[in-house]
Amino acid sequence: MSNVAITLPDGSVKQFDGPVTGAELAAAIGPGLAKAALAIKIDSEVLDLSRSIDADSTVEIVTRKSEDALDLIRHDTAHVMAEAVQALYPGTQVTIGPSIENGFYYDFAREEPFTPDDLEKIEAKMMEIIKRDDVFSREEWDRDDAVRHFTDIGEKYKAQLIHDLPATETISMYRQGDWMDLCRGPHLPSTGHVGKGFKLLKLAGAYWRGDSNNEMLQRIYGTSWRDEKELKAHLMMLEEAEKRDHRRLGREMGLFHFQEEAVGSVFWHPNGWTLYRTLETYIRARLDKANYVEVKTPQLIDRGLWEASGHWEKFRDHMFTAETEDDRVFALKPMNCPGHVQIFRQGMTSYRELPLRMAEFGSCHRYEPSGALHGLMRVRAFTQDDAHIFCTEDQITSETEAFCELLLSVYKDCGFEEVVIKFADRPETRAGEDAVWDRAEAALAEAVEASGLDYTLNPGEGAFYGPKLEFVLRDAIGRDWQCGTLQVDFVLPERLDASYIGEDGEKHRPVMLHRAILGSFERFIGILIENYAGRMPMWMAPVQAVVATITSDADAYAIEVRNALDAAGIRAEVDTRNEKINYKVREHSLAKVPTMLVVGQREVDDRKVALRRLGGKDQEFLALDEAVARLAEESKNPAEK
RNA sequence: GCCGCCGUAGCUCAGUGGUAGAGCGCACCAUUGGUAAUGGUGAGGUCGAGAGUUCGAUUCUCUCCGGCGGCACCA
């Protein structure tokens, strides 16, 4: 029997006469750790504490404090839930139940739907199983035996899963008491380790294997943590997220509404539209500075053009169409690119004009599936901050670099500092030859490398005409939103016959770079509202300042102050209502107005204002001129600074 | 589109087989009050739409529409 040397994370080495289990290793290090140990980690692989280590290796003992512990806890909670469900509802089949961000889910096949009341019963049963504290024991099974076993007990989904596992895969089962599940593991030592820090959250439908052609299963989502304190903190976070829901804030702040006669389309109210226009003005200024030209193309275009572009074939079901009396069919544009190519095609374009950066705040309509609609985040009528850069292959790199720089700067101005980039390559169904895709992917990869930014691969997620970069920003409460995109397209210029005259006097195909920074104004505004919880930065706020009087003696002066703010380009309102100042402060604070200028007799006498910031406790007493100058500076959009 | 839940006043919600209530908001009156709710009075609802069961439906059943949570989709 050969010796085993185990290196611990602190660099120390433990020698053993032969193979040793994780539990034995922990015990050898110390009794405290032996008690706290949940699993072991060799390289980056987490394994059961009962696994035996038979070769020299670097091993970390996973305890409840470890990052890896959460994954184990969540996965085990899913197992416990599955047992509970099968105990309460015989005949229910189990399928899969992974750990996910903040929790877990398990998909079940059962005729009768679960109800919210069932969740409580299941939780109670889970508590019993956890209290029972059964050991999770691992068994390796023969593949055929495993398939037969699950088929015999009527678990056809499990049998199918095993059947489809790669031949090289070891079939492992985990037992907890009398209940057993197919599982790759690893698991905690016993069900008791799950603890009480979990809660079942919601019921949902989910397709077997994520395919909408398959039957629908019932999914139960839960959240699970190290202890009740962490659970409580997470539930608080969920409440916080609900408070910043843009649909709720949009209504409370009177920014916009939806109604059933125009499902998926926004009715922008005055304040909401002011926010929208402010953002548009800012983006337009940034594009101007970055040497884009702006255009506007038709809403309705004959289906012939969509057939030529390839969109009709692929997206016809999601296009709104209109038929005219002369039997022509027009489509409401779902995107702007074919329109931009038409402008590009007018007259002859010289290589000297490239790169040509053609921008449009393009109003698009897409018949999105009803279940996809979600406030401003997913609508059927939206406006993109779209642009197409017509350029040569040689220019892809420099245009990509310039775009990345512009995009990051815009995000920063909007309050987003954390951005990750994903490289999405060719999807299964696509247009264009593989050789063209090779070139497009290589060019884009080279360009993003040249920009010096980190990126991860998002395989198979490219557009049907070309690979793309996806720009994902992280908001104030840690949620990720994909907004920006840059797509390399060699296909559409070919299909729609766009060409330019090169240095050699011959016709050449330009490359098109499809790109957007915000994505859609609607969605980006939704993200902004949630990011700021409705408390927009000064430059975006629909109403930037309210002048509020203490008594009616200050009315005339208050109006003068409002007019001075207005003349300085500040969006200001005046509140001379016969209400107490407490009432006004509360109301405008709830409306999330960033600054309030309170004026009473003292301010009238001294030509001053009492400046109060949203959420602040103190006031600043300033001369009127100074207050106006200061607020005017703060109100400028970042492109004006 | 699929699965589940939901639809009562502008908003948040209570309630009932015999056609409805609260708080906030809104209107009016009084109050002129120094930094997150002054008091009083009043108006406001085909109980999402349609059909069915019933002597009678907001309440029970069905269909449709819409919303919510997921799944699928996202040029």
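Computation of the quantities below employed the complete heavy-atom set of this structure, encompassing side-chain atoms and omitting hydrogens, waters and symmetry-equivalent molecules. Order of the sequence lines sets the chain letters (A, B, ...), proteins ahead of strands, with each chain counted from 1.
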Worksheet item: Can you find an N or O donor on one side and an acceptor on the other, under 3.5 Å apart, linking the side chain of A/R209 with the base of B/C71?
Response: no

Worksheet item: Parallel, tilted or perpendicular for A/H79 and A/Y106, by the 30°/60° rule?
Response: perpendicular

Fill in: Closest listed nucleotide, where the reference is the side chain of A/A610 and the choices are B/U35, B/C65, B/C68
B/U35

Worksheet item: How many Å lie between CG on A/N214 and C1' on B/A72, as a whole number?
Response: 11 Å

Worksheet item: If you find the nucleotide of RNA chain B closest to A/M319 and the one closest to A/P116, which residue's nucleotide is nearer the 5' end?
Response: A/P116

Practice prompt. Report the distance from atom CD of A/E101 to atom P of B/G70, rounded to the nearest whole Å.
Written response: 13 Å

Practice prompt. Take the protein atom CZ of A/F267 and the nucleotide atom C1' of B/G66, then report the distance between them rounded to whole Å.
Written response: 14 Å

Item to complete: Determine yes or no for a side-chain-to-main-chain donor-acceptor pair under 3.5 angstrom, with A/S589 supplying the side chain and A/G615 the backbone.
Response: no

Discussion item. If you count every heavy atom of other residues, nucleotides or ligands that lies below 6.0 Å from A/E313 atom CD, does the total exceed 12?
Written reply: no

Response to the item:
Output field dot_bracket for RNA chain B (Watson-Crick or G-U, both distances under 3.5 Å, | for other-strand pairs) contains (((((((..((((....[..)))).(((((.......))))).....(((((..]....))))))))))))....

Fill in: Pair A/Y89, A/D118: side-chain N/O donor-acceptor within cut-off below 3.5 Å
yes

Discussion item. Quick check: any donor-acceptor pair below 3.5 Å linking the side-chain of A/Y207 to the base of B/G1?
Written reply: yes

Worksheet item: Rounded to whole angstrom units, what separation is found between the CD atom of A/E111 and the P atom of B/C3?
Response: 13 Å

Practice prompt. With A/R612 as reference, evaluate A/V593, A/T595, A/V585 under the side chain to side chain contact (heavy atoms under 4.5 Å, CB included) test and give the passing residue.
Written response: A/V585

Item to complete: Determine whether the side chains of A/Y465 and A/E494 contain a donor N or O and an acceptor N or O closer than 3.5 Å.
Response: no

Item to complete: Identify, between A/G264 and A/P113, the residue whose nearest nucleotide on RNA chain B lies closer to the 5' end.
Response: A/P113

Practice prompt. Check the distance between B/A72's P and A/E215's CD and give it to me in whole angstrom.
Written response: 14 Å

Worksheet item: NE2 of A/H514 versus P of B/C74: gap in Å, rounded?
Response: 17 Å

Worksheet item: What integer number of Å spans the C1' atoms of B/U63 and B/C74?
Response: 31 Å

Worksheet item: Should we count CD of A/E261 as having more than 12 external heavy atoms under 6.0 Å?
Response: yes

Worksheet item: What interatomic distance, in whole Å, is found between C1' of B/U12 and the corresponding atom of B/U54?
Response: 34 Å

Worksheet entry | Nearest-angstrom distance from the residue atom OH of A/Y583 to C1' of B/G34 | 18 Å

Discussion item. For the C1' atoms, the ones on B/A43 and on B/A27, what distance do you get once it is rounded to whole angstrom?
Written reply: 7 Å

